[in-house]
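Just so it is clear: chains get the letters A, B, ... in the order the sequence lines come, proteins before strands, and each one is counted from 1.
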There are 2 protein chains.
Amino acid sequence: MPASPAVATAGSAAAGQGSRRRAGRPVGGVLDKAGITEAALRLIEKKGYDGLTMAALARSLNVAPSALYNHVKSKRDVLLLLEDHLASLVDVSPFGAGPWEDAVRTWAWSYRDVFSQHTPLIPVIAVLPVTDAPQTLAMYETVSAGFRDAGFPEERIVSSIVALESFIFGSAYDVTAPADIFDPGTMAEATPSFTGAVRSLAEQGHERPADVAFSLGLEALISGLGGLRG
Amino acid sequence: MPASPAVATAGSAAAGQGSRRRAGRPVGGVLDKAGITEAALRLIEKKGYDGLTMAALARSLNVAPSALYNHVKSKRDVLLLLEDHLASLVDVSPFGAGPWEDAVRTWAWSYRDVFSQHTPLIPVIAVLPVTDAPQTLAMYETVSAGFRDAGFPEERIVSSIVALESFIFGSAYDVTAPADIFDPGTMAEATPSFTGAVRSLAEQGHERPADVAFSLGLEALISGLGGLRG
DNA sequence: TTTATAAATGAATGGCATTCATTTAGTGGT
DNA sequence: ACCACTAAATGAATGCCATTCATTTATAAA
């Protein structure tokens, strides 16, 4: 009788914990995709991506690990759910409500900020067909419309967005880099130009060097890509 | 006698396989960092990064998995060795031998091409202190010198390189994306602007859409960052 | 009441990186 | 020639991980 002791556990879980049950939905079980996404997000917040294991996720939902597989095909599916949720947090509001440059700037900073806390998702996004990610697709729709309305020729819109996105993803990693990443250490004398440049940047005393690089690159992209408009 | 049967194996390995033994080096063992790097590279070429396990790597060197730990602290160390080797393949030759724009262009394409075959290293690079990667540091030195000689103010050099690198890493992922990544599927009617833009790009019939986006973004960055020169 | 189905269970399974006590074989000093 | 030292192997754990599977339960439908 493998499942008999578990009934008590699962039952007390559904009752004891903030119910994950939706109103109109058949009362099938304790779990659903929204609940899994929410729990995964909480887990990552607390333990980081190293702590996001199927076992830990199941435990946080008071459920056996194998139960998750009734709702997701694999751990990758969980990451996909996370990605799509995060896409909905990206600020696309200024598109259509102001100059193109300002909209892109707001969008790009927001996009980078959201994913800099979730860099382990970036390799997943890069290969994720948008079909599987409705919120992500919605973001692309708003951004594309913004580009079209700003006068971009249709055949350049996707490439321009991809170029910006590539920069954004790369820059998201940058945010998480340790402060001393460019310390040349014992090789300092062998690399005078680089060492000088690093020192010179450090002397500027910027709080977040990653922001300086991001701003520099983003403004270059905005003015460069902006020139494509007809 | 745990090690006695293995002697034959290890011995026949050193003899049977293309010797990894360096000339002037004390005859200590079969392994060294260069040999491990080489073997890892061959393994990745054949089986991809999923095939790069410590067990498989050891087997390709005719050695027990635990033997590797006499030369590297962890698997991450192996990835570091790989990264630094790949950095030496990036083309920095035109720096100092032509206009800054051309040098950056060549360097960036080469950098992207090398790492687009090794995207699993990107999360590693992003957090890798350059101290541990002499070849990488050498690349930075050449590039920094090129920027300085082109008239960049010293305090902007590192930020400019970081911006370019961020774009390069993001774009490297892009190369590996499936062709149908932007197929909106059943949501096509709900996303007219995006769907139209995707269709319009597809009709251009570019062989590698990723190259179009990379070129667009790179040229924008080159002209935007080029404006920083004094 | 019966039947079908969705959604749990817990016990494997197999793969993985890493650790450890032990053994081996060379090196340098006496 | 002997001996101690040490670098570099061995193979047998260890512990973590995602995933699978036969089985059981509880609800919904008929």
Side-chain angles (χ1 to χ4, degrees), chain A residues 1-15 17 19-22 24-36 40 43 47-80 120 124, chain B residues 1-15 17 20-22 24-36 40 43 47-59 61-80 120 124:
Chain A
M1 50 213 141
S4 55
V7 180
T9 309
S12 68
Q17 215 204 27
S19 154
R20 193 143 291 90
R21 196 173 288 177
R22 282 281 205 275
R25 193 169 51 80
V27 193
V30 195
L31 297 176
D32 67 350
K33 292 192 185 195
I36 291 173
L43 194 52
K47 312 266 188 181
Y49 273 86
D50 282 353
L52 180 63
T53 69
M54 294 302 270
L57 183 54
R59 210 162 59 79
S60 83
L61 288 160
N62 290 294
V63 137
S66 49
L68 295 169
Y69 288 86
N70 289 318
H71 303 269
V72 295
K73 275 207 315 290
S74 64
K75 182 173 181 179
R76 187 165 190 279
D77 263 22
V78 176
L79 299 181
L80 257 54
V124 175
Chain B
M1 52 215 136
S4 55
V7 180
T9 308
S12 68
Q17 214 206 26
R20 193 143 294 90
R21 196 173 289 175
R22 283 280 204 278
R25 193 168 52 78
V27 193
V30 195
L31 298 176
D32 66 350
K33 291 192 185 195
I36 290 172
L43 194 52
K47 312 266 187 181
Y49 273 87
D50 282 352
L52 180 63
T53 68
M54 294 302 270
L57 183 55
R59 209 162 61 79
L61 288 160
N62 290 293
V63 137
S66 49
L68 294 170
Y69 289 86
N70 289 318
H71 303 270
V72 296
K73 275 207 315 290
S74 64
K75 181 172 181 180
R76 188 165 189 278
D77 263 24
V78 176
L79 299 181
L80 257 53
V124 175

Rounded distance in Å - [atom1] ([X]) to [atom2] ([N]):
| X | N | atom1 | atom2 | value |
| --- | --- | --- | --- | --- |
| B:Ile36 | D:dA8 | CD1 | C1' | 11 Å |
| A:Leu52 | D:dC17 | CG | P | 11 Å |
| B:Arg59 | D:dA9 | CZ | P | 18 Å |
| A:Leu79 | D:dA18 | CG | C1' | 12 Å |
| A:Met54 | C:dA12 | CE | C1' | 17 Å |
| B:Asp77 | C:dA17 | CG | C1' | 13 Å |

Is the shortest side-chain heavy-atom distance between A:Val72 and A:Met54 below 4.5 Å?
yes
Atom of [X], atom of [Y] and distance for their closest heavy-atom approach:
| X | Y | answer |
| --- | --- | --- |
| A:Pro65 | A:Ala55 | CG-CA, 4.2 Å |
| A:Gly35 | A:Leu61 | O-CD2, 4.1 Å |
| A:Gly51 | A:Ala56 | O-CB, 3.5 Å |

For DNA chain D, what residues of residues 66-73 of chain B have any heavy atom nearer than 4.0 Å?
B:Ser66, B:Ala67, B:Asn70, B:His71
Proximity to the side chain of B:Lys75 - top-ranked nucleotide from C:dT9, C:dT18, D:dA9:
C:dT18
Of the candidates D:dC17, C:dT18, D:dT19, the side chain of B:Pro65 sits closest to C:dT18
B:Ser74 meets the side chain to side chain contact (heavy atoms under 4.5 Å, CB included) criterion, sequence neighbours left out, with B:Arg76, B:Asp77
Sequence-distant partners of A:Ala40, side chain to side chain contact (heavy atoms under 4.5 Å, CB included), two or more places apart
A:Leu52, A:Leu57, A:Val78, A:Leu82
Selection residues 48-57 of chain A - residue pairs positive for side chain to side chain donor-acceptor pair (under 3.5 Å), sequence neighbours left out
A:Tyr49-A:His118
For residues 51-71 of chain A, pull every pair meeting ring-ring contact (aromatic ring centres under 6.0 Å, His included), keeping only residues two or more places apart or in separate chains.
none
Determine, stepwise, if the pair B:Leu31 / B:Asn70 fulfils side chain to side chain contact (heavy atoms under 4.5 Å, CB included).
CA-CA 9 Å; B:Leu31 298 176; B:Asn70 289 318; over 6 Å; no
Find the runs of at least 3 consecutive base pairs, i with j, i+1 with j-1 and so on, that include DNA chain C, using Watson-Crick or G-U wobble geometry with both distances under 3.5 Å.
C:1-30 with D:1-30
